[in-house]
Amino acid sequence: MSQKEYKYKINGIKFNVLVDDPEGNKVHVEVNGMPYTVELDKAPEVKPTISPVKKPEKAPRTETGEKVVAQPVATSAAGYRIKAPLPGTIMSIPVKVGDTISAGATVCVLEAMKMENDIHSPKGGVVKQILVNVGDAVPQDGDIMILD
């Protein structure tokens, strides 16, 4: 049980108030050393605790501890290449091969400098090939996917 302390001044008189956590609709209060039990009209609402945001898994690393950087796949696939605007780690890919996307659609989320950045397609098309996986570290200007 926790106890909170408050200091008040009412009409020039100082009050030192200690308040315990409520038990149902009753609260134990001490005012200038004098104990009281205060009965509330109804029990206070208990605020739900906010669960912490799940941290993403760390990027895979080599035996020496360096990040595994996604290497462009050697492909002769023609089409429009969407590139990473900055280096970072791929957090999610909300599209899949065969999806038709419009200009401005989010094609992946890239974590860079502890910030999640939505990467948008500059043009519309059909996703022909995805060149990275979730958890991959990509360099700046690294290919992420190819559109038809």
Side-chain angles (χ1 to χ4, degrees), residues 1-10 15-31 36-148:
M1 181 181 295
S2 67
Q3 193 175 59
K4 294 181 183 175
E5 181 176 3
Y6 301 94
K7 295 185 182 207
Y8 296 100
K9 193 174 193 180
I10 302 172
F15 293 92
N16 194 26
V17 181
L18 298 173
V19 181
D20 291 339
D21 287 338
E23 294 174 3
N25 69 331
K26 294 185 180 182
V27 179
H28 298 284
V29 178
E30 187 177 302
V31 180
Y36 297 94
T37 298
V38 178
E39 192 171 331
L40 305 170
D41 285 340
K42 61 180 179 177
E45 290 183 30
V46 177
K47 293 182 182 176
T49 57
I50 299 172
S51 60
V53 176
K54 182 182 175 189
K55 289 188 176 184
E57 293 182 24
K58 294 190 181 220
R61 298 195 179 260
T62 64
E63 289 179 7
T64 60
E66 294 187 26
K67 284 187 177 181
V68 174
V69 177
Q71 298 298 321
V73 177
T75 178
S76 59
Y80 182 80
R81 293 177 181 266
I82 298 176
K83 298 182 176 290
L86 64 164
T89 302
I90 302 293
M91 303 306 295
S92 67
I93 305 169
V95 297
K96 59 186 182 306
V97 173
D99 285 356
T100 300
I101 60 171
S102 58
T106 299
V107 294
C108 76
V109 177
L110 178 79
E111 180 188 34
M113 299 178 286
K114 306 281 183 198
M115 304 251 325
E116 290 187 7
N117 303 280
D118 290 344
I119 306 302
H120 303 282
S121 176
K123 64 182 244 173
V126 177
V127 178
K128 183 176 184 179
Q129 190 175 7
I130 298 174
L131 305 172
V132 294
N133 296 305
V134 172
D136 286 352
V138 294
Q140 183 171 354
D141 294 325
D143 292 338
I144 295 173
M145 66 183 57
I146 300 173
L147 298 181
D148 246 350

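Numbers for residues simply follow the sequence, beginning at 1. Computed from a predicted model, the values in this text were never measured in an experiment. Computation of the quantities below employed the complete heavy-atom set of this structure, encompassing side-chain atoms and omitting hydrogens, waters and symmetry-equivalent molecules.
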Exercise for review: State, to 0.1 Å, how close I130 and K96 come at their nearest heavy-atom pair, and which atoms those are.
Suggested key: CD1-CA, 3.8 Å
Review point. Taking the side chain as C-beta and beyond, is there a heavy-atom pair between V97 and Q129 under 4.5 Å?
Key: no
Practice item. Measure the OG1-NZ distance between T37 and K26 for me, rounded to the nearest 0.5 Å. Key: 7.0 Å
Practice item. Answer yes or no: is there a donor N or O on one side and an acceptor on the other, between the side chain of D20 and the main chain of V27, under 3.5 Å? Key: no
Practice item. Let me know which of V132, V107, V127 forms a side chain to side chain contact (heavy atoms under 4.5 Å, CB included) with I93. Key: V132
Exercise for review: Give the minimum heavy-atom separation between S92 and V134, together with the two atoms involved.
Suggested key: CA-CG2, 3.9 Å
Practice item. With rounding to the nearest 0.5 Å, note down the distance linking CD1 in I90 to CG in L110. Key: 5.0 Å
Point to revise | For the student: nearest non-hydrogen atoms of I144 and C108, plus distance | key: CD1-SG, 3.9 Å
Revision key, fill the gap. Distance col, row E23:CD vs H28:NE2, nearest 0.5 angstrom, shows 4.5 Å
**Study point:** Smallest separation among heavy atoms of V138 and A84, with atom names
**Key:** CG2-CB, 3.9 Å
Point to revise | Spacing of Y80 atom OH and D148 atom CG [to the nearest 0.5 Å] | key: 14.0 Å
Check your understanding: What is the minimum heavy-atom distance between V126 and G98, and which atoms define it?
Key -> CG1-O, 3.8 Å
Point to revise | NZ-CZ distance between K7 and F15, expressed to the nearest 0.5 angstrom | key: 14.0 Å
Check your understanding: salt bridge (charged side-chain N to carboxylate O under 4.0 Å, His left out) with K114: which residues, sequence neighbours excluded?
Key -> none
Check your understanding: If you round to the nearest 0.5 Å, how far is CZ of R81 from CG of L147?
Key -> 11.0 Å
Exercise for review: Inspect the contact between K83 and D141 and indicate whether a charged nitrogen and a carboxylate oxygen are less than 4.0 angstrom apart.
Suggested key: no
Point to revise | Minimum-distance pair of heavy atoms, taken over all atoms of A103 and P122 | key: CB-O, 3.8 Å
